[in-house]
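Quick notes on the structure that follows.
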Amino acid sequence: MFDSFIDGLFMVLQWKAFIYMTIGMAIGFCVGILPGLGGGTTLALMLPFIYKMTPQEAFPFLLGMHSVVQTTGDITSVLFGIPGEATSVATIVDGYQMTKNGEAGRALGAALMSSLVGAIFGALFLAVAIPIVRPLVLAFGSPEMLMITLLGLTCIATLSGRGKRGLLLGMMTGGVGFMLSLVGQERLAGILRFTFGQLYLWNGLPMVPVMVGLFAIPEIVDMAVAGTSIARNVDPSVKLGRGVWQGIKDTFKHFWLTVRCSLIGAFIGLMPGMGGGVAQWIAYAHATQSARTAKERERFGKGAVRGVLGPGAANNSKEGGSLIPTVAFGIPGSSSMAILLGAFFLLGIVPGPDMLTKYLPLTFSMVWTICISNIIVVAVSLLFINYLARLTFIRGSLLIPFIILLVLTGGYTSNNHVGDLIVVLVSGGLGYLMVRFGWPRPPFIIGFILGDLVENYLYISVTRYGIDWLYRPKVIIIFLIAVGVALYPFLQKKNLLNKEVQV
Amino acid sequence: MKLSGKHFMSFGLILCTSYLVITALKWPFKTALFPVTIGISVFFMATAVFLMDLFGKEKSDSSEALDFKLSESGDGEPELKRTINIFLWILGWFLVILLIGFPLSVPIYVMALLRFRGKESWRLTIILTAVAWAFFYGIFIKILNTPFMDGWIQRGLMYLGILS
């Protein structure tokens, strides 16, 4: 086993494989920064280039590209409030707020370093977990998976607002997300739902334009209304990048939070069909709930560094996690992994037990690729962080045209259809109204992403088990955890207040 | 009792969920199961939020959501006016794309935004417009080969045989 582990390292360090990995990293760096261009899409675009490569060259190329996309995706989220990737939306909540407070360098340092820790943790999780996860994945049927998705939604709902009304609003907007996911041709019976005669809507509402519109347009409007640069009320002579070391130190100061969120990301990545969109929010919820004082909890949403560390770590560690079912069982953990599965077959490799015996060095080379490519990209990003952070001092009137251009092109490249632009505008309007009236957007996005999956699990559970699916022991346990998660903020608040009164 | 935007938001959602459930009840079981379950749940939650906002005592301003907060206008100009203004500019870009296509709209609209909305100097406007165009052309047209649709004007000219 150890020999294979070392062989995997040497496989990546061979000059040809290393050059391909570097090219992949460069592409991934750009793709991560450009909103709308997803890692999955780029993986698909890169597949034709691997025909003439050996597996030892192709996987460093593809994984080198894919594993850094999440890392650089955080950069635009932090600096401009535009998610570079669908999986880096949660970083906006506190990261962009820190940028507005003049702490862009610290936020970027924290996001990049936690991403690196997350990526390495995810890769190690992959290395360790392959032989032992099979029984775990197979023990979860549709009823349990349904409850896990509802547990995820409950986690997000609890962090969406304060008090009973906040929890209710969180659950309600999650439900609205589910409702929007209904649009399109239903897969079980082929019936068209809420397509209003539009062919464009047959495939449902596209995820990227919805997310870009929902999150970026309210930020643009806000910047235009404030009439300032992104970094507000901050003296331009202050070096924004100076906080970088503080951000890096924050990662190690809250190291166990980073590790726990990495674990959450890796575990969610392991679950087929879940993915980074969910992992980042559950990690954010965990970061919020692990606040030690009422004051610390109040900081979330206003620029808390812990709110950057959690999602940063989780969205990278989930890559290692989602490789596990792909490599070990041929079950893709996410849409990107489904495309990567295509690469396996193109290269003449069948995922499954062979990956743990015959191709074990190749499997370990994937672990090394994720680690090495993230180390290099984080180092390069940190070198240029001062220049990146200075962008936030540019006045809004100069930035707004470029941000709108990115938003519109990012949305349009989803399907190359004018409908994408309409979706961007409508979801932008909806996002603005939600922010204006205090409706939380994170549960909405979770509901929207998981809608298809939840419907499928619900249908299978009901048709296969009838009402009995509710009495399965694992379902009851997960349900009780969800209830505990919903009640936890109230108990925590009471506890924190009691402690502060005693002090 | 004063009605505000948040009341209209939750009331609008009550109407939407009612429509969803009524529509879904006509579908076969497997198609209707999820929409009806979700529709009814959200209907009751939206009704509860509406009633809480109307009669409840709990504080319900936007600051309670853990999301970013909208800023206030920096120089005393009414926020609503600035909000409508920027929304109209964004909508305007979309309409220009429809009229003349994406590639042509980029330099024209970036220039218009910088010069007329941002009130920047002509020199800076021209330089930044060139940068925006080079970025757009280089990445989306040359490297990614993104197929951009023609605008209505180009299609009209093609139809008339003026453009090939």
Side-chain angles (χ1 to χ4, degrees), chain A residues 34 81 92-93 96-97 159-166 168-169 171-172 175-176 178-179 182 186 188-189 191 193 217 219-222 224-228 288 300-301 397-398 400-402 404-405 408-409 412-413 416 418 421 425 428 433 435-441 454-455 458-459 462, chain B residues 5-6 9 13 16-17 20 27-28 30-31 33-35 37-39 41-42 45-46 48-49 52 56 58 60-68 70-71 73-75 79 82-83 85-87 90-91 93-94 97-98 102 106 110 113-114 117-120 128 132 136 139-140 144 146-147 149:
Chain A
L34 288 175
I92 293 176
V93 180
Y96 186 57
Q97 206 60 42
L159 70 87
S160 305
R162 298 181 181 101
K164 292 188 285 288
R165 186 176 180 275
L168 190 61
L169 274 178
M171 298 301 283
M172 186 185 79
V176 176
F178 281 144
M179 280 164 58
L182 294 172
E186 190 261 329
L188 299 166
I191 289 172
R193 295 190 298 204
I217 288 190
E219 305 287 353
I220 295 170
V221 173
D222 189 52
V225 169
T228 60
T288 313
F300 281 89
S397 60
L398 293 180
I400 284 173
F402 285 88
I404 302 177
L405 174 63
L408 292 178
T409 44
Y412 182 80
T413 47
N416 303 325
V418 71
L421 296 176
L425 295 176
L433 289 175
V435 173
R436 175 112 225 149
F437 297 114
W439 286 24
R441 292 174 295 175
V454 171
E455 176 166 22
L458 178 69
Y459 176 69
V462 171
Chain B
K6 66 182 179 204
M9 286 273 284
L13 187 56
C16 287
T17 46
L20 185 142
W27 294 331
K30 58 178 145 185
T31 310
L33 175 66
F34 185 59
T37 312
I38 290 301
S41 313
V42 178
M45 286 190 272
V49 169
M52 278 168 100
E58 200 173 341
S60 61
D61 61 14
S62 63
S63 65
E64 71 183 282
L66 286 180
D67 206 338
F68 99 97
L70 293 171
S71 311
S73 173
D75 53 10
E79 283 164 46
R82 283 196 175 189
T83 306
N85 177 284
I86 188 68
F87 265 117
I90 298 171
L91 194 66
W93 196 333
F94 169 68
I97 290 170
L98 286 184
F102 218 130
V106 172
V110 168
L113 268 167
L114 287 167
R117 197 195 156 273
K119 298 184 177 62
E120 301 296 340
L128 289 179
F136 173 81
I139 292 190
F140 291 99
L144 295 174
T146 309
M149 63 196 178

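Order of the sequence lines fixes the chain letters, A, B, ..., with proteins taken first and strands second; residue numbering starts at 1 for each chain.
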| Top contributor to chain A contacts, counting heavy-atom pairs under 4.5 Å, from B:Leu33, B:Asn85, B:Leu98 | B:Leu33
| task | Check the pair B:Val42, A:Phe178 against side-chain contact (heavy atoms from CB on, under 4.5 Å), reporting the backbone distance first and the verdict last. | result | CA-CA 10 Å; B:Val42 178; A:Phe178 281 144; over 6 Å; no
| task | Looking only at non-hydrogen atoms, find the nearest pair between B:Met149 and A:Tyr412 and report the distance. | result | N-OH, 3.2 Å
| field | Close side-chain approach of B:Trp93 and A:Leu405, heavy atoms under 4.5 Å | value | yes
| field | Winner by heavy-atom pair count (cut-off under 4.5 Å) against chain A, out of B:Gly118, B:Cys16, B:Pro35 | value | B:Pro35
| Has the side chain of B:Arg117 got a donor or acceptor atom that lies under 3.5 Å from a matching backbone atom of A:Pro401? | no
| Part of B:Val49 lying under 4.5 Å from any heavy atom of chain A | both
| query | Of all of B:Leu113, B:Ile97, B:Leu128, which one pairs up most often with chain A through heavy atoms under 4.5 Å apart? | reply | B:Leu128
| Considering only heavy atoms, which portion of A:Tyr459 lies under 4.5 Å from any heavy atom of chain B: side chain, backbone, both, or neither? | both
| message | Please report the interatomic distance CD(B:Glu79) to CG(A:Asp222), rounded to the nearest 0.5 Å. | response | 9.0 Å
| message | Is any side-chain heavy atom of B:Phe102 closer than 4.5 Å to one of A:Leu421? | response | yes
| Under 4.5 Å from any heavy atom of chain A - which part of B:Ile38 | side chain
| request: Can you sort out the partners of B:Glu120 under salt bridge (Lys or Arg N to Asp or Glu O under 4.0 Å), two or more places apart, ordered by chain and number? | output: A:Arg395
| query | Where is the tightest heavy-atom contact between A:Met172 and B:Ala46, given as atom of each residue plus distance? | reply | SD-CA, 3.5 Å
| query | Tell me, side chain or backbone of A:Glu186 under 4.5 Å from chain B's heavy atoms, or both, or neither? | reply | side chain
| side-chain contact (heavy atoms from CB on, under 4.5 Å) between B:Phe87 and A:Ile217, intermediate numbers included | CA-CA 9 Å; B:Phe87 265 117; A:Ile217 288 190; 3.9 Å; yes
| request: Considering only heavy atoms and a distance below 4.5 Å, find which of B:Val106, B:Leu13, B:Val110, B:Thr37 pairs most often with chain A. | output: B:Leu13
| query | Non-hydrogen atoms of chain A under 4.5 Å away: do they reach the side chain of B:Thr83, the backbone, both or neither? | reply | both
| remark: Looking only at A:Leu398, A:Leu425, A:Leu433, A:Val462, the option with the highest number of non-hydrogen pairs under 4.5 Å against chain B is A:Leu398
| said: For A:Ala189 versus B:Thr31, what's the shortest heavy-atom pair and its separation? | reply: CB-OG1, 3.5 Å
| Contact check, side chains of B:Ile139 and A:Thr409, non-hydrogen atoms, under 4.5 Å | no
| remark: CZ (B:Phe140) and CG (A:Asn416) are apart, to the nearest 0.5 Å, by 10.5 Å
| Interchain contact, A:Leu182 with chain B, by part (heavy-atom threshold 4.5 Å) | side chain
